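Worksheet for the structure shown next.
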Amino acid sequence: VLMRFTDIVLAFPDLVLAVVIVSVTRPGLNNVMLSVAAVSWPSYARLLRGDVLSIKERDFVAAARALGASDTRILLRHIIPNCIYPLLVVASLSMGRIVITAAALSFLGLGAPVGYADWGQLISLSRNWILGSAGSPFEYWHTVFIPGVTIFMFVLGWNLLGDAVRDRASRAVTEVSRAIRQKDFSTDNGARLLLAWWALEAFAEHPIRGGGAGGYRAWVTGHLREQ
């Protein structure tokens with residue numbers, strides 16, 4: 001049901017839906033933040049649901065369940081921590097879009113009240129001076145240029161930060177995978193990796209030793225059915 005509601009929200013353009021929400025309530029900074037949150041959450045919900053459905057099928061989750069961990073502990077200690085990196089990457093990349101949406105609402109007169117130092121409002125108020133005066137069309141160029149460049153640099157900075165977080169997350173996953181393959185536990189997560197490897201080796205003492213991930217999964221499934 002929640003995902004069907006998410007599909008309905010995603011069917012509307014973000015800016016149009018934000019304009020409708022602010023118009024129905026009333027213009028103001030608080031309502032702008034609420035409208036931006038209302039149009040932004042579906043993408044995070046979809047990403048989180050997909051990651052949870054994928055991670056809960058991993059071998060380490062099956063190992064934790066076989067060791068007697070409760071569903072709450074598995075969710076809080078194994079599934080949610082492995083969903084953090086994708087959410088951080090998407091959040092950092094979405095920050096620029098959120099700022100542009102808020103500036104667009106202020107430009108349309110639905111954002112901050114008159115008198116606030118709001119970038120969208122500054123661009124809106126500078127429309128009367130875009131062409132300057134007669135004989136000097138660029139006399140007031142700074143009224144549009146400065147807030148526009150500020151928005152551009154702010155959004156660019158968040159996009160670069162998002163790329164850096166994504167690269168760091170990918171590098172961390174690669175290092176963990178290499179450490180597990182080579183049994184190298186000298187990384188920052190060495191203790192946790194060593195414990196995970198020890199658990200797999202303990203399960204390997206059963207007749208499925210050497211059977212790989214498929215055999216391990218089959219043994220865990222059979223063990224759970226016996227309980």
Side-chain angles (χ1 to χ4, degrees), residues 1-10 36-95 97-98 158 161-227:
V1 177
L2 181 60
M3 286 299 103
R4 300 294 75 79
F5 178 70
T6 302
D7 294 336
I8 294 175
V9 176
L10 289 174
V36 170
V39 301
S40 300
W41 72 266
S43 58
Y44 296 96
R46 268 187 168 278
L47 176 62
L48 183 61
R49 180 177 182 271
D51 286 341
V52 170
L53 292 177
S54 174
I55 292 174
K56 76 175 186 177
E57 300 297 331
R58 303 284 180 85
D59 290 336
F60 64 87
V61 175
R65 184 175 290 110
L67 287 172
S70 63
D71 293 339
T72 302
R73 180 178 178 82
I74 292 175
L75 179 64
L76 297 179
R77 297 296 300 273
H78 300 284
I79 295 180
I80 291 182
N82 285 283
C83 300
I84 295 299
Y85 268 129
L87 289 179
L88 290 177
V89 173
V90 173
S92 58
L93 291 174
S94 300
M95 188 61 65
R97 178 179 56 83
I98 291 173
W158 276 105
L161 178 62
D163 291 339
V165 173
R166 181 185 57 193
D167 295 341
R168 180 67 182 88
S170 300
R171 187 160 55 250
V173 172
T174 302
E175 291 176 357
V176 169
S177 300
R178 179 191 59 80
I180 291 178
R181 288 195 304 268
Q182 300 179 1
K183 298 185 181 182
D184 178 13
F185 305 109
S186 60
T187 59
D188 295 337
N189 293 327
R192 184 175 301 176
L193 292 175
L194 182 59
L195 180 60
W197 186 264
W198 171 84
L200 292 178
E201 287 293 329
F203 283 116
E205 295 297 333
H206 291 268
I208 64 160
R209 184 177 182 87
Y216 165 70
R217 186 189 299 274
W219 180 85
V220 171
T221 303
H223 177 74
L224 293 177
R225 288 176 179 174
E226 293 174 0
Q227 298 300 317

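Just so you know, these numbers come straight off a predicted model, no measurement behind them.
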Spatial distance of atom CG (Leu75) from atom OG (Ser70) [nearest 0.5 Å]: 9.5 Å
Note, Phe60 side chain near Asn82 side chain (heavy atom, < 4.5 Å): yes
Where Val52 and Cys83 come nearest, the two heavy atoms and their spacing: CG2-SG, 4.0 Å
Nearest heavy-atom neighbours spanning Gly162 and Leu93: CA-CD2, 3.8 Å
Contacts of Ile84 that satisfy side-chain contact (heavy atoms from CB on, under 4.5 Å) - sequence neighbours left out: Ile80, Leu88
Exercise: identify the closest heavy-atom pair between Ile55 and Val61: O-CG2, 3.3 Å
Atom pair CZ/CG of Phe5 and Leu10 - distance to nearest 0.5 Å: 10.0 Å
Would you tabulate the side-chain donor-acceptor contacts of residues 36-46 under 3.5 Å, counting partners in other chains and residues two or more places apart, or write 'none'?
unit_1: Ser40; atom_1: OG; unit_2: Val36; atom_2: O; d: 2.7
unit_1: Trp41; atom_1: NE1; unit_2: Ala38; atom_2: O; d: 3.1
unit_1: Ser43; atom_1: OG; unit_2: Ser40; atom_2: O; d: 3.0
unit_1: Arg46; atom_1: NE; unit_2: Asp7; atom_2: OD1; d: 3.4
unit_1: Arg46; atom_1: NH2; unit_2: Asp7; atom_2: OD1; d: 2.3

Which atom of Arg65 lies closest to which atom of Asp71, heavy atoms considered: NE-OD1, 4.4 Å
Exercise: identify the closest heavy-atom pair between Pro81 and Arg77: CG-O, 3.6 Å
Set of side-chain contact (heavy atoms from CB on, under 4.5 Å) partners for Leu53, sequence neighbours left out: Arg49, Lys56
